[in-house]
Amino acid sequence: MSLQTADIQTSSPAPETVIVRNVKKYFGPTRALDGASFSARAGEIHAVVGGNGCGKSTLAKVVSGILPIDSGSVSILGEAPSTPAESRALGISTVYQEVLVADESSVVDNIFMGADSLFSKKMSQDKKVARAAELMQELAGEPVDPHAIVGTLPLGLKQWITIARALLSEPKILILDESSAALDFDSTERLFAKMRSLRDGGTTVLIVTHRIAELIRISDRATVLRDGRDVGVLERDQITEKNLLALMTGDDEAGAHRDHKAPQPRADDIAMRADRLSIAPGARAFDFTLRRGEIVGIAGLDGQGQDAFVRVLAGINEAHSGLVEVRDRHGVMHAVRSLADAVANRIAYVSGDRKREGIFATLSIFENMVMPLYREKRRAGILGIIDRATLGTIFQREAENLMIKFGMRDDRITSLSGGNQQKVLIGRGFAMRPDIIVLNDPARGIDVGAKAELYKHLRAFAAEGKSVLYMSSELEEFIGFATRVIVFRDNAPFDAFDGRALDPKSILEAMFGQTDGSGLAGVSGLTPGQDVHAGIAAPARASGDGVRVAVTIPDDIRAGLDARKRAKLVEQAHATPVTASPRPALAKPANGRNPIRVVEFDAETGQARSLSR
């Protein structure tokens, strides 16, 4: 496919600040760049886009001076830097795909990391603190304590710290490698405003991104890579989803037809339930029901509680108060108080923060995907020999399903691109064969083709009667995919929307608190199409050594008793935080006999009155 390019912004093109010609870069047998060419101008926002493993991040690192090239030429502002120090001296700042911060250090120390020379400082500590506070206020849109330890901050604020570090030197060339991946909608808009301000001041801004909707809005030009080569350059008026996908895939019809309907459960069978759940101190308690066969989307601005909610349901975090239960394949409800409970009840969790809580950086691609199955896939009895043949079959299946690009399966996972690392984590979740899969922004850093495959597999997963809880920072991901979408605000659900008639504008308004919240009680709200008290499995009866007496209770009295009992249990769950402590054993009387309690039920009120023992 060939598309003519033309400068639509000015009558004479601005000077080229970055020129890459026929660059090749190999990592062993892997061709990361195979003769790629690229150029960018002063005062423009230039996007580099392509599928996972196409060489985008490698190209960014070549321009940054991080990676030496095997052949070809690189010219930056008329120079040929070969080290990161030379690149910084020329005025290049880079924000890398991984959120590179020192968790044990403060915000101000992270921002000014590398700014001083060995024996001198550019400014006093007080001025650094003031500058750090000013930068974080401007970027994050809220006050951030410069002395706060970074490890205690959410992922979005960590990303702002890396961006602030890059902006500190007022760069001539700013490279952003998937820098909006950890940001929500509101934060991304602030980043875009900063990028436009830099562009208007003459800075060259290079962005590497998978978010097609974003690059269509922000880019002045876009270079598309495929298999390590540049396959086209699009000007602003040519940057459309159809053109981008056609160049990325080599298929002129790619992206032309997207007719999907949000999946709907066949019945109102409960898969998971939360009663009087509160996820943070002072947060409003709420009930929630997840049905079999549905995909529930979770949205919200950064820090509004949606992340904590999905982590509680997956057993990663403990609820502040309330009770989370999951129904097994026999219809019995089990409490989920820990990660062990979640795994035992077939709940899988996939994190978008792969560096901190996803990958094992020193282990292989194979081990990272199938490690949770080692105990299950054993043979030879007590010898516990891992069945690597069966695990190999599982690995191959998930790798093909998610189109993971890798050399040898025994290579370290860090040899993969960030997007392919994320695919391995998603494959790990599917490999566990769960009944419920909880995904916390799983598509961060993966390309549009891999997203389409992920959506296809999640649809098939839901069609089997299983359930999906999908939190995302990209509203476009929910359209034609989610059964319903719940928006969080102030650590509690704020509104809910039916996936069959989803309007991104309405979701965005809810994220900013501009809707009435009526959707929460509707058919697509927190407890849709289901009496949350119905179908509760009766608790197992304790055995005793007394005489068994059959008692028939009228239906109206039984209904009243069940309702009061249920309300009391929920009230107790709300009042006392759930803990994983085992229940103490009941002490037996000194005579070794179990007491027999005789009760009488009032015919009018249904209250039980003890008569004797």
Side-chain angles (χ1 to χ4, degrees), residues 17-18 40 42-48 56-67 76-77 81 83-103 105-117 122-123 127-141 144 146 150 153 155-183 187-209 211 214-215 218-219 355 418 445:
T17 55
V18 180
E44 77 167 355
I45 298 174
H46 196 124
V48 181
K56 303 183 304 298
S57 293
T58 302
L59 179 62
K61 291 174 181 176
V62 164
V63 174
S64 302
I66 300 295
L67 293 175
I76 310 295
L77 298 169
T83 65
E86 292 178 2
S87 296
R88 284 198 302 271
L90 285 173
I92 299 176
S93 288
T94 304
V95 181
Y96 298 101
Q97 184 172 4
E98 301 297 339
V99 182
L100 301 177
V101 293
D103 282 339
S105 299
S106 66
V107 172
V108 62
D109 288 342
N110 269 273
I111 291 177
F112 282 87
M113 190 178 295
D116 296 326
S117 62
K122 292 185 177 180
M123 63 176 67
K127 289 183 178 179
K128 285 182 179 180
V129 170
R131 180 62 175 146
E134 178 187 1
L135 271 173
M136 291 303 293
Q137 173 73 50
E138 177 188 359
L139 296 174
V144 177
V150 170
L153 302 178
L155 183 61
L157 282 180
K158 291 181 181 181
Q159 185 71 80
W160 280 126
I161 290 170
T162 65
I163 295 171
R165 185 192 302 151
L167 295 178
L168 195 63
S169 60
E170 299 180 353
K172 297 176 183 177
I173 299 172
L174 177 64
I175 303 173
L176 302 170
D177 187 357
E178 295 288 355
S179 298
S180 65
L183 304 178
S187 298
T188 300
E189 289 302 305
R190 289 198 303 276
L191 177 60
F192 283 2
K194 187 63 177 179
M195 290 165 61
R196 293 186 182 102
S197 174
L198 291 169
R199 175 197 64 189
D200 295 343
T203 300
T204 301
V205 181
L206 305 183
I207 58 170
V208 176
T209 183
R211 295 182 172 184
E214 289 183 1
L215 72 89
I218 192 65
S219 303
K355 181 182 176 184

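Predicted model, so just to flag it, every value in this text is computed and none were measured. Both backbone and side-chain heavy atoms feed into the values below; hydrogens, waters and symmetry mates do not.
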Q: Can you tell me which residue pairs pass the side-chain hydrogen bond (donor to acceptor under 3.5 Å, both in side chains) test with a partner in residues 165-175, sequence neighbours excluded?
A: S93-S169
**Q.** Qualifying residues under side-chain hydrogen bond (donor to acceptor under 3.5 Å, both in side chains), relative to S57, sequence neighbours excluded
**A.** Q97, D177
**Q.** Contact check, side chains of L174 and L167, non-hydrogen atoms, under 4.5 Å
**A.** yes
Q: Starting at CD1 of I76, measure out to OG of S87 and round the result to the nearest 0.5 Å.
A: 7.0 Å
Q) For R196, which residues count as a salt bridge (charged side-chain N to carboxylate O under 4.0 Å, His left out) partner, sequence neighbours excluded? A) none
Q. Please, which pairs that meet salt bridge (charged side-chain N to carboxylate O under 4.0 Å, His left out) have at least one residue in residues 129-141, sequence neighbours excluded?
A. R131-E134, E138-K194
Q: Check T17, I173, L77 against I92 for a side-chain contact (heavy atoms from CB on, under 4.5 Å) and give me the one that passes.
A: I173
Q.
Holding to salt bridge (charged side-chain N to carboxylate O under 4.0 Å, His left out), I want the full list of residues that pass it with K158, two or more places apart in sequence or in another chain.
A. D103
(Q) Between Y96 and I66, is there a side-chain heavy-atom distance shorter than 4.5 Å? (A) yes
Q: For A47 and L215, work out which heavy atoms get closest and say how close.
A: CB-CB, 4.3 Å
Q | Exercise: identify the closest heavy-atom pair between A132 and I111 | A | CB-CD1, 3.8 Å
Q | Residues in side chain to side chain contact (heavy atoms under 4.5 Å, CB included) contact with A40, at least two apart in sequence or another chain | A | V18, F38, E44, H46, T204, L206
Q | L191 and W160, any side-chain heavy atoms less than 4.5 Å apart | A | yes
(Q) Which residues pass the side chain to side chain contact (heavy atoms under 4.5 Å, CB included) test with E86, not counting sequence neighbours? (A) P81, S82, T83
Q. About how many Å separate CD1 of I218 and OG1 of T209, when rounded to the nearest 0.5 Å?
A. 11.0 Å
Q: Evaluate side-chain contact (heavy atoms from CB on, under 4.5 Å) for R190 paired with L139, printing each intermediate quantity in order.
A: CA-CA 7 Å; R190 289 198 303 276; L139 296 174; over 6 Å; no
Q. Which residues pass the side-chain hydrogen bond (donor to acceptor under 3.5 Å, both in side chains) test with S64, sequence neighbours left out?
A. T94
Q. Can you name the nearest heavy-atom pair linking M113 to A102, along with the distance?
A. CE-CB, 3.9 Å
Q: Please round to the nearest 0.5 Å and tell me the distance separating atom OG1 of T188 and atom CE of M195.
A: 10.0 Å
Q | Test side-chain hydrogen bond (donor to acceptor under 3.5 Å, both in side chains) applied to K61 - qualifying residues, sequence neighbours left out | A | none
(Q) Under the rule for side chain to side chain contact (heavy atoms under 4.5 Å, CB included), what residues qualify as partners of S106, not counting sequence neighbours? (A) V108, D109
Q. What residues form a side-chain hydrogen bond (donor to acceptor under 3.5 Å, both in side chains) with E189, not counting sequence neighbours?
A. R217
Q: Specify the closest pair of heavy atoms between R199 and G43, including all atoms of both residues, with the distance to one decimal.
A: CG-O, 3.3 Å
Q.
Testing the basics here: between V144 and A140, what is the closest heavy-atom pair and its distance to 0.1 Å?
A. CG2-CB, 4.4 Å
(Q) Suppose we screen for side chain to side chain contact (heavy atoms under 4.5 Å, CB included). Which residues come up paired with A193, at least two apart in sequence or across chains? (A) none
Q.
Once rounded to the nearest 0.5 Å, what's the spacing between atom CD1 of I45 and atom OG1 of T203?
A. 10.0 Å
**Q.** Heavy-atom pair of closest approach, residues K56 and V208
**A.** CB-CG1, 3.5 Å
